[in-house]
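Data first, discussion second: the structure below is written as structure tokens.
None of the values given here were measured: they were computed from a predicted structure. Counting convention: from 1, in listed order, for ligands and their atoms alike.
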Amino acid sequence: MYQITGHTRFGGLMGSPVAHSLSPAMHNLSFMTLGIDAVYLAFDVGQEKLGETVRVFRDLNTFGFNLTMPLKKKVMEYLDSVSKAAGLIGAVNTVVNENGKLTGYNTDGVGFVSSARAHGFEPEGKEVTVLGAGGAACAACVQLALDGVKTLHIVNRRSGSWNAALSLADRISRKTPCAADLTDLDDWQALCGLIGRSDLLVNATSVGMAPDTDASLIRDPCVLRQDLMVADIIYNPRRTKLMRQAEEAMCKSFGGLEMLLFQGEEAFRLWTGKQMPVELVKERFFS
Ligand code: NAP
């Protein structure tokens, strides 16, 4: 039985909406299991209240907090420092409070790479194609580059975010040992060539997400060869159209649910210095 005491510390999730989040369940079960005297709550906070809420979290000696949409970029204005990955991504999803000093991290990319490793993909020296250049794609690309991927092909449509995607490829190439480039998603021949050279193909767009579960950016599955690993960061549905295409092509594939679990595991480690009981959390909330 968990007891809140005069020593109990708190932290939590800020964003809007937040009520649907799995994070409170995941972190509170972990605190309870490891006997850590802390609680994690969800706070519905918009951009206009962010500065004030961060100041309160700093002053009340919280252990830290997570951020979700739409606060991951704006929060950087209120922090004392950010990690290299968070700086390159340009977004923070985890803040650690050490005696009033706030440091920002981005654990989404770590979550993605940990899930890839859990499925046998070791980034060192590999060539990877990532579809998309939004928030989740950015985090995955930066962490893949920091963890040793040699060549990264980012593929996005020529939309209003094309320049941001160009800037991401440029930052990765200049600030990490990985060579990154950008290709137009409408150029199917070029995309086939990139996939043909890659060890891993990642869908980091929202194409295929519920309710549009019969959509995939891979219009001809012949491009999927058996020794290509395929990842979809979408977790709803758990098995996307792209994953079904990959299975039919006999490729190894994995979805986005473990990325969600492992980003939480990394945040927990940053706050507590301890390993989250992931198997228990997985069994209770992710199966
Ligand atoms: P985001 O920042 O809005 O980015 C969405 C990306 O999808 C952009 O690159 C966008 O391209 C692209 N896109 C959307 N519709 C498209 C279409 N019809 N054709 C081609 N490209 C399209 O969103 P996000 O936060 O990165 O989330 C993306 C997906 O990842 C969502 O399904 C989300 O649930 C999932 N996600 C999973 C995790 C996890 O832990 N597994 C974490 C975060 C997000 P434009 O820039 O051209 O619009």
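When all heavy atoms of G11 and T62 are compared, the pair lying nearest together is CA-CB, 4.4 Å. Residue N66 comes nearest to A267 through the heavy atom pair ND2-CB, 4.0 Å, listed as atom of the first residue, atom of the second, then distance. When all heavy atoms are compared, the tightest approach of V281 to S30 is CG2-OG, 3.6 Å.
In this structure, atom 12 (C) of ligand 1 lies nearest to the protein heavy atom T205 CB, 3.6 Å. The shortest contact between atom 18 (N) of ligand 1 and any protein heavy atom is with R157 NH1, 3.4 Å. Closest protein heavy atom to atom 31 (C) of ligand 1: M209 SD, 3.6 Å. Among protein heavy atoms, the minimum distance from atom 8 (C) of ligand 1 is reached at G134 N, 3.9 Å. Closest to atom 14 (C) of ligand 1 among all protein heavy atoms lies S206 OG, 3.4 Å. When only non-hydrogen protein atoms are considered, atom 42 (C) of ligand 1 lies nearest to M259 CE, 3.9 Å.
Closer than 4.0 Å to atom 3 (O) of ligand 1 lies none of the heavy atoms of the protein. The protein reaches atom 46 (O) of ligand 1 closely, with a heavy atom under 4.0 angstrom from it.
Between A204 and ligand 1, no N or O atom pair is found at a separation short of 3.5 Å. In terms of polar-atom proximity, defined here as any N/O pair under 3.5 Å, A136 does make such a contact with ligand 1. Polar contact with ligand 1: present for G135 (N/O pair, distance under 3.5 Å).
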### Task
Apply the test salt bridge (Lys or Arg N to Asp or Glu O under 4.0 Å) to residues D44 and K49: give CA-CA distance (whole Å), side-chain angles for both, the deciding distance (0.1 Å), then the verdict.
CA-CA 10 Å; D44 202 303; K49 287 273 172 63; over 6 Å; no
### Task
Report the C-alpha distance between N61 and R9 in whole Å, list the side-chain angles of each, state the deciding distance to 0.1 Å, and finish with yes or no for side chain to side chain donor-acceptor pair (under 3.5 Å).
CA-CA 8 Å; N61 194 29; R9 292 184 80 193; 3.1 Å; yes
### Query
Is there a salt bridge (Lys or Arg N to Asp or Glu O under 4.0 Å) between R269 and E266 once you walk through the steps?
CA-CA 5 Å; R269 190 190 65 76; E266 175 65 2; 2.9 Å; yes
### Query
Step by step, would you call D184 with R158 a salt bridge (Lys or Arg N to Asp or Glu O under 4.0 Å)?
CA-CA 6 Å; D184 186 345; R158 269 190 192 268; 3.3 Å; yes
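Residue contacts with ligand 1 include I233, since one or more of its heavy atoms lies under 4.0 Å from the ligand.
Heavy atoms from both the backbone and the side chain of L260 come within less than 4.0 Å of ligand 1. Only the backbone of A133 comes within 4.0 Å of ligand 1, judged by heavy-atom distances. At a heavy-atom distance under 4.0 Å, only side-chain atoms of L185, from C-beta outward, approach ligand 1. Contacts with ligand 1 closer than 4.0 Å are made by side-chain heavy atoms of N156 only, the backbone lying farther away.
Taking every heavy atom of S161 and a limit of under 4.0 angstrom, the matching atoms of ligand 1 come to 45 (P), 46 (O), 47 (O). Atoms of ligand 1 lying under 4.0 Å from at least one heavy atom of G132, given by number and element, are 9 (O). Within ligand 1, counting atoms from 1 as listed, the ones closer than 4.0 Å to a heavy atom of I234 are 32 (O). Near S159, the atoms of ligand 1 lying under 4.0 angstrom from a non-hydrogen atom of the residue are 45 (P), 46 (O), 47 (O).
The number of heavy atoms from other shown groups lying within 6.0 Å of CD (E98) does not exceed 12.
Below 30°, between 30° and 60°, or above 60°: for F268 and H27 the angle between ring planes is below 30°, a parallel geometry. Ring-plane geometry between F57 and F43 is classed as perpendicular, the angle between the planes exceeding 60 degrees on a 0 to 90 degree scale with a lower cut at 30.
For the side-chain contact (heavy atoms from CB on, under 4.5 Å) criterion with V92, the lone passing option out of V82, N106, T107, T103 is V82.
A donor-acceptor pair shorter than 3.5 Å can be found between the side chains of D37 and T5.
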